[in-house]
Amino acid sequence: MPSRTSPISFVLSSAGWGLHGLAVFAFGLMAGFFWAYGFNVSLATLQMDGASYAVVQSSLNRHVRHAMFFGFFFGPPVLSALALAAGRDEWRRGWFGLLAFAGVLYALGIVLFTAQVNLPLNAYTESWDPRALPPDWAETRARWHAANLWRCAASALAFALSIAALALRARAVADATTARVPVTDATDRAGGAS
(Lines give C-alpha, C1' and ligand atoms only; values in the text may rest on other atoms or scores of the structure.)
Protein backbone atom coordinates (compact mmCIF):
# COMPACT_ATOMS: atom_id res chain seq x y z
CA MET A 1 0.00 0.00 0.00
CA PRO A 2 1.59 3.36 -1.01
CA SER A 3 2.15 5.84 1.80
CA ARG A 4 -0.26 8.74 1.93
CA THR A 5 0.96 12.30 2.10
CA SER A 6 -0.81 14.67 4.44
CA PRO A 7 -2.37 17.76 2.84
CA ILE A 8 0.00 20.01 4.81
CA SER A 9 3.03 18.07 3.58
CA PHE A 10 1.74 18.25 0.02
CA VAL A 11 1.21 22.04 0.24
CA LEU A 12 4.65 22.59 1.79
CA SER A 13 6.28 20.38 -0.82
CA SER A 14 4.49 22.15 -3.68
CA ALA A 15 5.31 25.56 -2.22
CA GLY A 16 8.92 24.52 -1.77
CA TRP A 17 9.23 23.42 -5.38
CA GLY A 18 7.55 26.60 -6.63
CA LEU A 19 9.70 28.86 -4.47
CA HIS A 20 12.83 26.97 -5.47
CA GLY A 21 11.92 27.45 -9.14
CA LEU A 22 11.31 31.16 -8.59
CA ALA A 23 14.64 31.45 -6.75
CA VAL A 24 16.45 29.83 -9.70
CA PHE A 25 14.69 32.24 -12.06
CA ALA A 26 15.68 35.26 -9.94
CA PHE A 27 19.28 34.04 -9.57
CA GLY A 28 19.47 33.59 -13.33
CA LEU A 29 17.95 36.94 -14.11
CA MET A 30 20.41 38.73 -11.83
CA ALA A 31 23.38 36.72 -13.14
CA GLY A 32 22.34 37.79 -16.64
CA PHE A 33 21.97 41.40 -15.52
CA PHE A 34 25.46 41.51 -14.00
CA TRP A 35 26.95 39.67 -16.98
CA ALA A 36 25.34 42.04 -19.50
CA TYR A 37 26.44 45.04 -17.47
CA GLY A 38 29.96 43.73 -16.84
CA PHE A 39 30.72 42.57 -20.36
CA ASN A 40 28.83 45.17 -22.36
CA VAL A 41 27.93 48.39 -20.54
CA SER A 42 31.05 48.53 -18.35
CA LEU A 43 33.35 47.79 -21.28
CA ALA A 44 31.75 50.66 -23.18
CA THR A 45 32.10 53.06 -20.24
CA LEU A 46 35.79 52.15 -19.91
CA GLN A 47 36.27 53.67 -23.37
CA MET A 48 34.61 57.00 -22.49
CA ASP A 49 36.28 60.24 -21.58
CA GLY A 50 35.79 61.38 -17.98
CA ALA A 51 32.98 63.85 -18.55
CA SER A 52 30.95 61.38 -20.62
CA TYR A 53 31.54 58.64 -18.07
CA ALA A 54 30.39 60.85 -15.19
CA VAL A 55 27.13 61.68 -16.96
CA VAL A 56 26.39 58.16 -18.25
CA GLN A 57 27.32 56.27 -15.07
CA SER A 58 25.30 58.64 -12.90
CA SER A 59 22.31 58.28 -15.22
CA LEU A 60 22.56 54.48 -15.20
CA ASN A 61 22.76 54.46 -11.40
CA ARG A 62 19.70 56.67 -11.03
CA HIS A 63 17.60 54.73 -13.55
CA VAL A 64 18.19 51.31 -12.00
CA ARG A 65 16.47 52.39 -8.78
CA HIS A 66 12.93 51.12 -9.25
CA ALA A 67 10.64 48.55 -7.68
CA MET A 68 11.09 45.85 -10.32
CA PHE A 69 14.87 45.95 -10.05
CA PHE A 70 14.77 45.96 -6.25
CA GLY A 71 12.40 42.99 -6.27
CA PHE A 72 14.76 40.93 -8.40
CA PHE A 73 17.90 42.26 -6.70
CA PHE A 74 16.74 41.25 -3.21
CA GLY A 75 14.64 38.29 -4.38
CA PRO A 76 17.14 35.41 -4.66
CA PRO A 77 18.11 35.11 -0.98
CA VAL A 78 14.53 35.73 0.16
CA LEU A 79 13.08 33.14 -2.23
CA SER A 80 15.84 30.70 -1.27
CA ALA A 81 15.07 31.14 2.42
CA LEU A 82 11.36 30.60 1.80
CA ALA A 83 12.05 27.48 -0.30
CA LEU A 84 14.33 26.15 2.43
CA ALA A 85 11.72 26.86 5.10
CA ALA A 86 9.10 24.98 3.08
CA GLY A 87 11.50 22.05 2.61
CA ARG A 88 12.94 22.13 6.12
CA ASP A 89 12.22 18.42 6.62
CA GLU A 90 14.84 17.70 3.94
CA TRP A 91 17.62 19.73 5.58
CA ARG A 92 20.02 16.77 5.45
CA ARG A 93 19.78 16.41 1.69
CA GLY A 94 22.46 17.79 -0.61
CA TRP A 95 20.09 20.10 -2.47
CA PHE A 96 19.21 21.89 0.78
CA GLY A 97 22.84 22.76 1.49
CA LEU A 98 23.48 23.90 -2.08
CA LEU A 99 20.45 26.19 -2.12
CA ALA A 100 21.37 27.55 1.32
CA PHE A 101 24.92 28.23 0.11
CA ALA A 102 23.59 29.95 -3.04
CA GLY A 103 21.34 32.19 -0.94
CA VAL A 104 24.11 33.09 1.53
CA LEU A 105 26.62 33.66 -1.30
CA TYR A 106 24.19 36.03 -3.01
CA ALA A 107 23.24 37.82 0.23
CA LEU A 108 26.88 38.42 1.16
CA GLY A 109 28.55 38.50 -2.26
CA ILE A 110 25.96 40.65 -3.99
CA VAL A 111 23.70 42.48 -1.54
CA LEU A 112 26.23 43.23 1.19
CA PHE A 113 29.09 43.72 -1.28
CA THR A 114 27.00 46.17 -3.29
CA ALA A 115 26.13 48.14 -0.16
CA GLN A 116 29.76 48.26 0.97
CA VAL A 117 31.53 48.79 -2.36
CA ASN A 118 29.36 49.74 -5.34
CA LEU A 119 26.91 52.09 -3.63
CA PRO A 120 29.65 54.30 -2.12
CA LEU A 121 31.34 54.43 -5.55
CA ASN A 122 27.97 55.31 -7.12
CA ALA A 123 27.41 58.12 -4.61
CA TYR A 124 30.90 59.45 -5.27
CA THR A 125 30.44 59.33 -9.05
CA GLU A 126 27.05 61.06 -8.80
CA SER A 127 28.67 63.91 -6.86
CA TRP A 128 31.01 64.76 -9.72
CA ASP A 129 30.72 67.84 -11.86
CA PRO A 130 31.49 66.59 -15.40
CA ARG A 131 33.27 69.90 -16.12
CA ALA A 132 35.61 69.53 -13.11
CA LEU A 133 36.35 65.86 -12.47
CA PRO A 134 38.32 64.74 -9.42
CA PRO A 135 41.87 63.54 -10.10
CA ASP A 136 40.94 59.92 -9.22
CA TRP A 137 38.02 59.61 -11.64
CA ALA A 138 39.72 56.95 -13.84
CA GLU A 139 40.76 54.93 -10.79
CA THR A 140 37.19 55.12 -9.46
CA ARG A 141 35.84 53.88 -12.78
CA ALA A 142 38.31 50.96 -12.77
CA ARG A 143 37.38 50.08 -9.16
CA TRP A 144 33.68 50.11 -10.05
CA HIS A 145 34.29 47.86 -13.06
CA ALA A 146 36.36 45.40 -10.98
CA ALA A 147 33.67 45.36 -8.28
CA ASN A 148 31.00 44.66 -10.87
CA LEU A 149 33.04 41.77 -12.28
CA TRP A 150 33.09 40.30 -8.77
CA ARG A 151 29.29 40.59 -8.66
CA CYS A 152 29.13 38.93 -12.08
CA ALA A 153 31.18 35.95 -10.85
CA ALA A 154 29.35 35.67 -7.51
CA SER A 155 25.91 35.83 -9.11
CA ALA A 156 26.87 33.28 -11.78
CA LEU A 157 28.12 30.88 -9.10
CA ALA A 158 24.97 31.39 -7.01
CA PHE A 159 22.85 30.70 -10.11
CA ALA A 160 24.82 27.52 -10.90
CA LEU A 161 24.46 26.33 -7.29
CA SER A 162 20.70 26.95 -7.36
CA ILE A 163 20.38 24.92 -10.57
CA ALA A 164 22.49 22.12 -9.10
CA ALA A 165 20.26 22.18 -5.99
CA LEU A 166 17.15 21.88 -8.15
CA ALA A 167 18.69 18.99 -10.10
CA LEU A 168 19.64 17.17 -6.87
CA ARG A 169 16.17 17.74 -5.50
CA ALA A 170 14.58 16.30 -8.64
CA ARG A 171 17.00 13.37 -8.55
CA ALA A 172 16.04 12.61 -4.94
CA VAL A 173 12.36 12.51 -5.92
CA ALA A 174 13.13 10.31 -8.93
CA ASP A 175 15.20 7.93 -6.78
CA ALA A 176 12.46 7.75 -4.15
CA THR A 177 9.85 7.07 -6.83
CA THR A 178 12.00 4.35 -8.39
CA ALA A 179 12.50 2.73 -4.99
CA ARG A 180 8.72 2.58 -4.43
CA VAL A 181 7.76 1.40 -7.92
CA PRO A 182 9.77 -1.60 -9.09
CA VAL A 183 11.00 -1.39 -12.63
CA THR A 184 10.58 -4.60 -14.57
CA ASP A 185 11.64 -5.74 -17.95
CA ALA A 186 9.78 -8.06 -20.32
CA THR A 187 11.15 -11.21 -18.72
CA ASP A 188 9.56 -10.36 -15.36
CA ARG A 189 6.04 -9.93 -16.75
CA ALA A 190 3.50 -12.69 -16.72
CA GLY A 191 3.83 -14.66 -19.90
CA GLY A 192 7.31 -13.30 -20.58
CA ALA A 193 10.20 -15.38 -21.80
CA SER A 194 11.79 -17.70 -19.30
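Throughout, numbering of the chain's residues begins at 1 and tracks the sequence.
Every residue two or more places apart in sequence or in another chain was checked for a salt bridge (charged side-chain N to carboxylate O under 4.0 Å, His left out) with Arg143, and none qualifies. Not counting sequence neighbours, the partners of Arg93 by the salt bridge (charged side-chain N to carboxylate O under 4.0 Å, His left out) test are Glu90. Contacts of Phe74 classified as ring pair (Phe, Tyr, Trp, His ring centres under 6.0 Å), with partners at least two apart in sequence or in another chain: none. Residues that satisfy the side-chain hydrogen bond (donor to acceptor under 3.5 Å, both in side chains) test with Arg171, not counting sequence neighbours, are Asp175. In this structure, the side-chain hydrogen bond (donor to acceptor under 3.5 Å, both in side chains) partners of His63, at least two apart in sequence or on a different chain, are Ser59. Taking the salt bridge (charged side-chain N to carboxylate O under 4.0 Å, His left out) definition, one finds that Arg131 meets it with Asp129, sequence neighbours left out. For Trp137, the ring pair (Phe, Tyr, Trp, His ring centres under 6.0 Å) test picks out no residue, with sequence neighbours left out.
Cluster note: Leu108 groups with Val104, Leu112 through ILVMFWY side-chain heavy atoms spaced under 4.5 Å, whether in direct contact or through intervening members.
Counting all heavy atoms, side chain and backbone alike, Ser52 lies closest to Asp49 at OG-OD2, 2.9 Å. Minimum heavy-atom separation, Pro120 to Gln116: CG-O, 3.4 Å.
The local environment of CZ in Arg65 is crowded, with over 12 non-hydrogen atoms from other residues, nucleotides or ligands closer than 6.0 Å.
Phe69 and Leu22 sit in two unconnected hydrophobic clusters of ILVMFWY residues. Membership requires side-chain heavy atoms under 4.5 Å apart, directly or through other members. Hydrophobic clustering, with ILVMFWY side chains joined whenever heavy atoms are under 4.5 angstrom apart, groups Leu168 together with Leu166. At a threshold of 4.5 Å between side-chain heavy atoms, the hydrophobic network of Ile, Leu, Val, Met, Phe, Trp and Tyr places Tyr53 and Leu119 in two separate groups.
If you take CG on Leu19 and CG on Leu99, they are separated by 10.0 Å, rounding to the nearest 0.5 Å. In this structure, CD1 in Ile163 is found 12.0 Å from CG in Leu98, a value given to the nearest 0.5 Å.
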Pair up each side-chain donor or acceptor in residues 146-162 with any protein partner under 3.5 Å, not counting sequence neighbours, and list the distances.
{"from": "Asn148", "atom 1": "OD1", "to": "Arg151", "atom 2": "NE", "distance (Å)": "3.3"}
{"from": "Asn148", "atom 1": "OD1", "to": "Arg151", "atom 2": "NH2", "distance (Å)": "2.7"}
{"from": "Trp150", "atom 1": "NE1", "to": "Gly109", "atom 2": "O", "distance (Å)": "3.0"}
{"from": "Arg151", "atom 1": "NH1", "to": "Thr114", "atom 2": "OG1", "distance (Å)": "3.0"}
{"from": "Ser155", "atom 1": "OG", "to": "Arg151", "atom 2": "O", "distance (Å)": "2.9"}
{"from": "Ser155", "atom 1": "OG", "to": "Cys152", "atom 2": "O", "distance (Å)": "3.1"}
{"from": "Ser162", "atom 1": "OG", "to": "Phe159", "atom 2": "O", "distance (Å)": "2.7"}

Please list, one pair per line, the donor and acceptor atoms closer than 3.5 Å that link side chains of residues 76-84 to other protein atoms, with sequence neighbours excluded.
{"from": "Ser80", "atom 1": "OG", "to": "Pro76", "atom 2": "O", "distance (Å)": "2.8"}

Side-chain donor/acceptor pairs under 3.5 Å, residues 29-47, sequence neighbours excluded:
{"from": "Asn40", "atom 1": "ND2", "to": "Ala36", "atom 2": "O", "distance (Å)": "3.3"}
{"from": "Ser42", "atom 1": "OG", "to": "His145", "atom 2": "ND1", "distance (Å)": "3.3"}
{"from": "Thr45", "atom 1": "OG1", "to": "Ser42", "atom 2": "O", "distance (Å)": "2.9"}

Verdict with reasoning, Val64 to Leu60, per side-chain contact (heavy atoms from CB on, under 4.5 Å): CA-CA 6 Å; Val64 78; Leu60 290 169; over 6 Å; no
CA sep, side-chain torsions, deciding dist, call: Phe73, Val111, side-chain contact (heavy atoms from CB on, under 4.5 Å): CA-CA 8 Å; Phe73 181 80; Val111 177; 3.9 Å; yes
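Taking the side chain as every heavy atom from C-beta outward, Thr125 and Arg141 never approach each other to under 4.5 Å. For the pair Phe25 and Phe72, the minimum side-chain heavy-atom distance is below 4.5 Å. Residues Trp17 and His20 fail the side-chain proximity criterion, which asks for heavy atoms closer than 4.5 Å. Put simply, the side chain of Thr140 reaches to within 4.5 Å of the side chain of Tyr124, judged on heavy atoms. At a threshold of 4.5 Å between non-hydrogen side-chain atoms, the residues Trp144 and Asn122 count as touching. Under the 4.5 Å side-chain criterion, counting only non-hydrogen atoms from C-beta, Trp128 is in contact with Pro134.
For residues 68-77, there are no side chain to side chain donor-acceptor pair (under 3.5 Å) pairs, not counting sequence neighbours.
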